[in-house]
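Have a look at the structure below before the remarks.
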2 protein chains.
Amino acid sequence: MAINNVEALFAETLNETDLTGKQKDVLRASLSLFSEKGFSQTSTPDIARLAGVSEGTVYKQFKTKEGILRAILAPVVQNVFPKAADEFATDVLEVSYPSLETFLTSLVENRLNFIVDNQKQLRVLLQEVLFNEGLVQQIRTAFMERVYGPIDSALSHYRDNGEIVNWQTGRMIRYVVSTVVSYGIQIIMMPEFTVDTKASTKEIVEFLMRGLKV
Amino acid sequence: MAINNVEALFAETLNETDLTGKQKDVLRASLSLFSEKGFSQTSTPDIARLAGVSEGTVYKQFKTKEGILRAILAPVVQNVFPKAADEFATDVLEVSYPSLETFLTSLVENRLNFIVDNQKQLRVLLQEVLFNEGLVQQIRTAFMERVYGPIDSALSHYRDNGEIVNWQTGRMIRYVVSTVVSYGIQIIMMPEFTVDTKASTKEIVEFLMRGLKV
DNA sequence: ATAATATAAGTGAGTGCTCACTCACTTGTT
DNA sequence: AACAAGTGAGTGAGCACTCACTTATATTAT
C-alpha cells in the first residue's frame, strides 16, 4: 500500500533551499491553495492568511504571484524528466538489458510513485499546461531530451531482438504513458483514495505486455 | 482527413435555441475566449468586445458569468454520454453483435470524431473538472448510467464467448478510454494540426485488439 | 394601413469590491 | 550600527454586476 508522502517530499525540497521559515510557509500555502482552488482562484491575501504572514511578505522573495507559481513548478519540470532519465541510466539500463517485463515494471512503478509523491504539483501543472504554451514547450523539450532518448534506446533493443512489435517509438511511448496516466489521474483527482501502486503496476504491465510483445 | 467542424456544430446547436442574434453572439464569443484563455482569465468586458455588444447585454440572458459557462457546458455534458449510448444502441448493437474489431473500430472512430467536433468545449470542460466537483460528479453519473451499461453488455458478450481476456469491465474501459484520449489530447491541445481520425482509429484498435483479445 | 401603446432587448456609465502589488516604516538578526 | 526580513495601509486598475434609460419589436386600436 503506497503512502502519500507528497508533504514529506516537498518539505525535503524546501529544506534544500536557503529560504527563511516564513518564505517556506508562503510556498507551502501557495502549493496547497493552487492545488485545491487553482492559480487564478487563489488570491495573494489568501496565501498570506494561510501562511500566517503579511501580504508584503508574499512578495518579498518571489516578486509576483506568477513568480511563486514558477518557484513551485520549476523543480517539478526540471526534475521529473532528468530524474527519470538518471534513474533509468543507473537503475534499469546500466547493466545488461533486463527482460521486457522487468523493464516495464520498473518504469511503470517508478512513474506511479512519482505521481503519488508529486500529486499536488502535478495537479497545478495540469491546469497550467492548458494555457501556458511556454510551459508546454518546456515540458516537451525536457521530455524529448531526457526521457525519449533512453526509452528509445531500450525499445529499439527489444524491437531489434524481435521481442516487441515493429512500431515507431513515439507510438509505443504514447501507449505506455496513457495507460500509466489513466491510473495516475485517479491519484491526482481523488487523493482521498489511496492507490495500490504495486497492484496497479502489475495490471498496467500485463496489458502493455499483451499489447506490445510479439 | 477529418475536418474540424466544431464551428458548424456549435452553430447548429445555437440555431436550435430561441435566443436572439446578439445572445448567440455572446455565447460564441464566450466559448472562444473560455477555450483560448480559460474561464478565469476571460472578463465580461472581453466577451462584450468580441461579441460586439454592450456589457449589460452579456448579463441579460444568463444573469452571471458562471451562467454563461453552464449554458456552454450543459449541452456537452448532457449530450456526450446520452449521444454515445443512443448511437451505440442504434448503430452498433441493435443488430447482432459485430466482430470485436468492428465494435472497437466503430466506438473509437465515433469518439475521436466527437472530440474533433467538440474540442473547444472539451478544452473548457477539461479545466473545469479540475476544480468543479459538482461537474465531475455529473459527468461520472452520466457516464455510469448511459455509457458503462451498453459497453458492459458488449464486453460481457465478447468475454462470455471467450474472445477477450477475463478482466473486469472497468479495467478494460479504462484502457480503451485512455488510449483514445491519448490521441484526443493531441486534438484538443494542438488544434492547428489536423489529426487523421481514420488512421488514428486503425492504430488504436490494433493496439487494443492485441491487448484485449485472447 | 397607420399610429399608439406595451413589451422586450439592448445599452453603458457607474458601483462596490477585490485584486496584485508597493513602499515607508518597524522589527529582527548579524 | 548596519543590514535583512517582515509588515500592513494604501494605490491604481479592473473585475462582476446593476439599473435607469434608450431603442427595437410586437400588439392593439383606429
In whole angstrom, what separates [X]'s [atom1] from [N]'s [atom2]?
X	N	atom1	atom2	result
A:Phe34	C:dA20	CZ	P	9 Å
B:Arg49	D:dG14	CZ	P	10 Å
A:Asp18	C:dT30	CG	C1'	16 Å
B:Leu19	C:dA8	CG	P	16 Å
B:Lys63	C:dA9	NZ	P	10 Å
B:Ile47	D:dC17	CD1	P	10 Å
A:Gln23	D:dT7	CD	C1'	12 Å
B:Asp25	C:dT11	CG	P	10 Å

Contact residues, residues 36-45 of chain B to DNA chain C [heavy atom, < 4.0 Å]: none
Contact list for DNA chain C against residues 53-60 of chain B - heavy-atom distance below 4.0 Å: B:Val53, B:Ser54, B:Glu55, B:Gly56, B:Thr57, B:Lys60
Under 3.5 Å donor-acceptor, [X] side chain and [Y] backbone:
X	Y	answer
B:Arg111	B:Ser106	no
B:Thr105	B:Glu101	yes
A:Ser32	A:Ala29	no
A:Lys65	A:Thr42	yes
B:Asn113	B:Glu109	yes

Under 4.0 angstrom between B:Thr20 side-chain N/O and C:dG10 OP1 or OP2: yes
Side-chain N or O of B:Gln61 closer than 4.0 Å to phosphate OP1/OP2 of C:dG10: no
Ion pair check, B:Arg171 and A:Glu206, cut-off under 4.0 Å: yes
Sidechain N-carboxylate O distance under 4.0 Å for B:Arg28, B:Asp25: yes
Cation-pi, B:Tyr183 ring and A:Arg174 (6.0 angstrom, 45 degrees): yes
B:Glu66 vs A:Lys22, nearer the 5' end of DNA chain D by closest nucleotide: A:Lys22
Aromatic plane relationship, A:Trp167 with A:Tyr175 - under 30° parallel, 30 to 60° tilted, over 60° perpendicular: perpendicular
